[in-house]
Amino acid sequence: MTDREVGGGTWELPACVAAAPVRRRGRVLREALRDAVRSGRLAPGTRLPSTRELAAELGVSRGLVTEAYEQLTAEGYLRSARGAGTWVGDAVRAAAPGRARDLAPRSPGVRVDFRPGVPDLSLFPRAAWAAAYRAALGGLAHRRLGYPDPRGLPELRTALAALLTRRRGVVADPERLVVCSGVAQALTLVGSVLRERGERIVGVEDPGSPEHGTLFAAAGLRAVGLPLDPEGLAPGPLAASGVRAVVTTPAHQFPCGIGYSAARRAGLLGWARSVDGWVVEDDYDGDFRYDREPVGALQGLDPERVVYTGSVSKSLAPGLRLGWLLLPESLAGAVVERKRTMDLGHPVLDQAVLADFVARGGYDRHLRRCRSAYRERRDALVAALAAALPGTEVSGIAAGLHVIARVPARYGPAAVFAERAGAAGVEVRTLADFGTGGEPDGDGVSLVLGYAHLTPGEITRGVEALARAVAPAGGAGRRGAGR
Ligand SMILES: Cc1ncc(COP(=O)(O)O)c(C=O)c1O
């Protein structure tokens, strides 16, 4: 038992108990008591007033208080000993509803954030999306609000198949298209099916997206990093690795920015056939190519060996969590069943909105608008680097939302470059952050600079601040110096 007692006035049951209509008082009292215990206002071990005292204090019948005590004792919130009293249960953990914390990635104190990965979220087509939402909600048959086909709404699969065929040159059979919550879920689904089929390892590009390895690890597969050469994944190490599945970003390698050569694309498919395996094609930013038409997806060359995946994360917004998978026949049934057991299908309203948005041409219009904004930003970045960090070589500029900028060694050792930039409020990532290879000593530092989410002015100011932060002693490296 305990010494702590609820004295008159130290515990205030809301006046609403007495004020409630007579027939509701019992429920109001039980809820108020339960809430006081859960929130910690009544601590474990606290002795409650007797039923007689509390009834008198609240102006209600004693039976009503007895009933509330018994109910909460049965639920475990209170404990009582016959004739001795009633206490707050010891095992009750205070669980105040409180405010939810926001753990979404953000960068406090950063003035300019060049980290790659996000499009300009302020370009999100709110008005067109709202119109698509209204149309979708109005047009969705009641039955469509039931559990959907685990592959996704037929309207969306049809619209996406047409879009991907036209824009990316894939062979898109809507029957083998699965709507999912982004490339992340696509890789998780495929990884889990490969694991069921006995695979234990999977190849990933090195340098590459750290998420590829992490997602496969969560599906029980070990990621084997495979090196790149200027044409794409190097064939020798791939052949020697023993993997039967490899994830690649052939349209615009992440993060190096190269497009796989035609010979390397053919070689990759030849390898997949020779090991009876699969190439997983992550077409994460294939829609953005600035100086000529996008290179068609690898999947179009051999739909039975390539698992194709993409999402709206770079084109619209990652927070929508909407993506797709195009599957070879050998994996389709198992992946669809895995999707079904994972979440019984993707949220239908989101799918209906995207279907309407794509079918009415909103997606194409939005991409055109973004493409012209991003091209201007890319040009601003290239110009700012040339002016403020002369000697910097920029590559991977033809497509995507980021470039590689190789800054000469005189601007400081790779190990401290990002640190100095960060101290000046400029967040950058180096190539070494995305791979195991690192940079040869004394050979400068390669930065992976995302630009799509920054205005041309922010880009210019950011590069100037970066140049000031890493300028070698004596001023070389400032505008016009050090070539
Ligand atoms: C290489 C790569 N693939 C895919 C994605 C997007 O994943 P998701 O479609 O799950 O948002 C990213 C996100 O930054 C990425 O860097």
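For ligands, and for the atoms within them, numbers begin at 1 and follow the listed sequence.
With a heavy-atom cut-off of 4.0 Å, Val183 touches ligand 1 through backbone and side chain alike. Residue Pro318 does not touch ligand 1, judged by heavy-atom distances below 4.0 Å. Counting heavy atoms under 4.0 Å from ligand 1, residue Arg321 touches it through the side chain alone. The proximity of Gln185 to ligand 1, defined as any non-hydrogen pair under 4.0 Å, does not occur for either the backbone or the side chain.
A donor-acceptor pair shorter than 3.5 Å can be found between the side chains of Asp206 and Thr436. Defined by atom type and a distance below 3.5 Å, a donor-acceptor pair is missing between the side-chain atoms of Ser372 and Arg369. No hydrogens or angles considered: nothing links the side chains of His453 and Asp120 as a donor-acceptor pair under 3.5 Å.
With hydrogens left out, the protein atom closest to atom 1 (C) of ligand 1 is Asp282 OD2, 3.4 Å, a heavy atom. In terms of protein heavy atoms, atom 11 (O) of ligand 1 is closest to Ser313 OG, 2.6 Å.
By the 4.0 Å N-to-carboxylate-O rule, Glu155 lies too far from Arg157 to be salt-bridged with it.
Of all atoms in ligand 1, listed by their number and element, those nearer than 4.0 Å to a heavy atom of Gly182 are 9 (O), 10 (O). The contact set between ligand 1 and Lys314, taken as ligand atoms under 4.0 Å from a residue heavy atom, comprises 12 (C), 13 (C), 14 (O).
Below 30°, between 30° and 60°, or above 60°: for Phe254 and Phe434 the angle between ring planes is above 60°, a perpendicular geometry.
Comparing Pro255, Ala186, Ser311, Ser209 against atom 9 (O) of ligand 1, the shortest heavy-atom distance belongs to Ser311.
The shortest non-hydrogen separation linking Val243 to Val275 is O-CG2, 4.4 Å.
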Step by step, work out the ring-ring contact (aromatic ring centres under 6.0 Å, His included) result for Tyr290 and Tyr374.
CA-CA 9 Å; Tyr290 304 110; Tyr374 296 165; 7.3 Å; no
